[in-house]
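What follows is one structure encoded as structure tokens, with my remarks underneath.
Protein chains get the first letters and strands the later ones, always in sequence-line order, with residue 1 at the start of each.
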2 protein chains.
Amino acid sequence: MDLLWRDADADPGGGTRRGARQGLDLDRIVRAAVELADAEGLAGLSMRKVADRLGFTTMSLYRHVPGRDQLVDLMRDAVLAELAEPPGTHDEGRGEERGEEHREGHGEGRGEGRGEGRGRGWRERLEASARQGWEIRRRHPWLAEARGVRHLPGPNAVAHYERMLAAVAGTGLSPSEVLAVVNLVGRFVDAEALQLVEAAEAERRSGVSDEEWWGARQALFERFERYPTITRLWEEGGYDHPEDSFAFGLARLLDGIELLVRRRSGAEVSDETRDETSGCRVCGTPVERPASGRPRAYCSPACRQRAYRERRAAGAPRTREAP
Amino acid sequence: MDLLWRDADADPGGGTRRGARQGLDLDRIVRAAVELADAEGLAGLSMRKVADRLGFTTMSLYRHVPGRDQLVDLMRDAVLAELAEPPGTHDEGRGEERGEEHREGHGEGRGEGRGEGRGRGWRERLEASARQGWEIRRRHPWLAEARGVRHLPGPNAVAHYERMLAAVAGTGLSPSEVLAVVNLVGRFVDAEALQLVEAAEAERRSGVSDEEWWGARQALFERFERYPTITRLWEEGGYDHPEDSFAFGLARLLDGIELLVRRRSGAEVSDETRDETSGCRVCGTPVERPASGRPRAYCSPACRQRAYRERRAAGAPRTREAP
DNA sequence: TACACCCTGTGTACGCCATAAACACCCAAG
DNA sequence: CTTGGGTGTTTATGGCGTACACAGGGTGTA
């Protein structure tokens, strides 16, 4: 914990920090561990291997890190630093290389959205955060494996969390709903990344076991005659050109969340929220914008009326039980 | 693999199966292992402990099971047998006790839906499958942990998979979309269960480390002053009465999927699909049913018109390429 | 300058894990 | 009776995290 949050504290540089050479060092350890985990997965990470990689004995690590679990916590946060700032906030040019290739598929039809202004749409921002998390997990798949153990959030993790919350906080959802939404999306990203790990793992253990694996698979698919739907989908080629499961899932998820947001607010939509939503405020049906005049907010009189009724009735956002 | 799928094969009962007492036995091993994992999690499962629990030496297990991984595969499928049949298909009353308490919150407003007929709604069926998976994972949280390793699906897993696919297959989505939807929901259930494991794990390691843990938490929350949104949500009580994260997530997910289904088909809605959707066929807005006469299918003339236009334009249901 | 101390790195050791290999037994088929 | 396979045991190997005692060197103080 102290180690995780030791940013502004201590470390004034006055110590023995001289030749910068052979001293073991928390950062060196963490960096070596990250490299190792990148290459061999979290299961392949051992104190021994980390120490070997640095040319020290195993136990030397324990002078700097309490134990393996805490090392993983540190690795997690070290890596999460990569998304520290969505490039474009102070921090004069340090010239890092950065991958920066994302934003490839972009879900479904839903237009690119021209939101550029200060507020941007919550959906756009939430999606961006999710994609950032996804990119990081593609570079460091073990991040997803590090779930399940005692997970102390570091400063970078919290910062990312805060950013996601901030994106959703302006939607008019209740506090607990905001949290639920962000957790949901976060878990989705992790779950998706876990699938990556699974695939990588399978690939690593390839070679000898691969034929056995595919033999089993083959035998399996022969048994599948009993399962009509699987067989049909197989024959129709559903497995040949699979969807991009991350993009697909994210789109569904955001659609579902958007529906909730619409249902909840529907009414007091300030213009900031408004110009990013692309459909009827009530039901989400895409609504054709007239050639001239003010763009329509509802797809139909029925929806407009419904919105009015809700505005009348609801008043308070039903968040907590009123006294 | 052979072990996993050894259902209808062999085992005619003609062997040495006599006193039914002290022989080690695959089923006994698997059962003991499941008990152990239920109690201590997958990490606490070791060949030694399983053997000890049965009163044999460690190595004796290897006479019946190739290794730990395969044992886990067997455990998984053994446990998945609990959802073999969604109670109500032949199988004369065996009088199992069964939990059967679910269906508590049921998402949001969305009416109970009276679907009882043969087809039932795809959403209802998919949701039921998801809840089944969820219930099983609440009984056996290690199921979620067993992801990530090489995962050979057993007959029960495949049966469940088939059931979910069948639920979605009638929606008019493309084959790859059907697969993506089912995978998405399946992963969601697992991810949600993983969170359970995490909590349980934290609870198990309680006692001494708990104060340290909460101490850290406390110190953490003091740092949170830097994060305005987190602080605000905290102060507004969002963390005090959290949403049921499974129910919430599932509702969002299904909403998103339903939107896709509507967008895809929109048109040729056969009556089977129809009487389960509770809202406007196009936009999903809840539509009040008139006191007398045929229930309305659209919330507004606009939506009716839109449906008509799409019906004109689309023609074929675009599910598979027509000859 | 001398002494003490602490910080860091090391070596050894323990207990846990999965599993390979060789051995012991018992029952049934030849 | 011999023989052989199924079954359980013993012993051993190599990997893991980490506790503990120790060593050496730089530093603060006398």
Side-chain angles (χ1 to χ4, degrees), chain A residues 2-3 10-29 32-33 36-37 40-75 142 145-146 149-150 205 208-209, chain B residues 2-3 6 10-11 13-29 32-33 36-37 40-75 142 145-146 149-150 205 208-209:
Chain A
D2 314 309
L3 289 177
D11 196 50
T16 338
R17 178 107 55 95
R18 194 74 44 70
R21 200 75 305 272
Q22 57 257 38
L24 246 193
D25 185 305
L26 217 182
D27 290 322
R28 292 228 292 152
I29 293 177
L36 216 167
E40 306 192 27
L42 203 62
L45 177 81
S46 79
M47 301 301 268
R48 284 211 228 284
K49 289 191 201 156
V50 173
D52 283 356
R53 177 175 282 251
L54 291 168
F56 288 85
T57 56
T58 310
M59 290 312 292
S60 66
L61 303 184
Y62 287 88
R63 288 289 172 208
H64 305 263
V65 141
R68 199 192 112 116
D69 286 2
Q70 288 84 341
L71 177 55
V72 173
D73 280 348
L74 290 167
M75 292 163 58
W142 49 267
E145 295 181 272
V149 272
R150 169 84 105 270
R205 299 202 210 175
V208 180
S209 68
Chain B
D2 313 311
L3 288 176
R6 86 209 134 103
D11 193 54
T16 338
R17 177 102 58 94
R18 194 77 41 73
R21 198 72 309 266
Q22 57 257 37
L24 246 195
D25 185 303
L26 218 182
D27 290 322
R28 291 227 294 153
I29 292 176
L36 215 166
E40 307 194 25
L42 202 62
L45 178 81
S46 79
M47 299 302 265
R48 271 214 243 285
K49 290 191 199 155
V50 174
D52 283 358
R53 177 175 283 251
L54 291 168
F56 288 86
T57 57
T58 310
M59 291 311 293
S60 65
L61 303 184
Y62 287 89
R63 288 287 173 214
H64 304 264
V65 140
R68 200 192 110 114
D69 286 2
Q70 289 84 341
L71 176 56
V72 173
D73 280 348
L74 290 167
M75 291 163 59
W142 50 266
E145 296 181 271
V149 274
R150 169 85 106 269
R205 299 200 211 174
V208 180
S209 68

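Separating the CZ atom of B:Phe56 from the P atom of C:dT19 is a distance of 20 Å, rounded to the nearest angstrom. Separating the CG atom of A:Asp52 from the P atom of C:dT10 is a distance of 11 Å, rounded to the nearest angstrom. One can place CZ of A:Arg48 at 7 Å from P of D:dG17, the figure rounded to the nearest angstrom. Residue B:Leu24 contributes atom CG, which lies 19 Å from atom P of C:dC25 at whole-angstrom precision. Computed from coordinates, the B:Leu45 CG to C:dC16 P distance equals 16 Å when rounded to whole Å. When rounded to the nearest whole Å, the span between CG of B:Leu36 and P of C:dC17 equals 10 Å. Atom-to-atom, OH of A:Tyr62 to P of D:dC22 comes out at 21 Å; the value is rounded to the nearest Å. Between the CZ atom of B:Arg28 and the C1' atom of D:dT7 there is a distance of 14 Å, rounded to whole Å.
Taking side-chain N and O atoms only, A:Ser46 has a distance below 4.0 Å to OP1 or OP2 of D:dC16.
Not a single donor-acceptor pair under 3.5 Å links the side chain of B:Arg48 to the backbone N or O of B:Thr57. In this structure, the side chain of A:Lys49 does not engage the main chain of A:Leu36 through any donor-acceptor pair within 3.5 Å.
B:Val50 has its side chain out of reach of B:Thr58: every pair of non-hydrogen atoms, C-beta onward, lies at least 4.5 Å apart. A 4.5 Å side-chain heavy-atom check between A:Glu40 and A:Trp142 finds every atom pair outside the cut-off.
Contacts of B:Met47 with the nucleic acid, taken as non-hydrogen atoms under 4.0 Å apart, involve only primed sugar atoms and P, OP1 or OP2. Within 4.0 Å of B:Ser60, counting heavy atoms only, lies at least one base atom of the nucleic acid. Residue B:Leu61 is out of contact with every strand shown, counting any heavy-atom pair closer than 4.0 Å.
Closest to the side chain of B:Arg63, from the set D:dG8, C:dC17, D:dC16, is D:dG8. The side chain of A:Met59 approaches C:dG11 more closely than any other nucleotide in the set C:dG11, C:dA20, C:dG9. Each of C:dT19, D:dG8, C:dT8 was ranked by its minimum atom distance to the side chain of A:His64; first place goes to C:dT8.
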Would A:His64 and A:Asp25 count as a side-chain contact (heavy atoms from CB on, under 4.5 Å) here? Give the steps.
CA-CA 7 Å; A:His64 305 263; A:Asp25 185 305; 5.9 Å; no
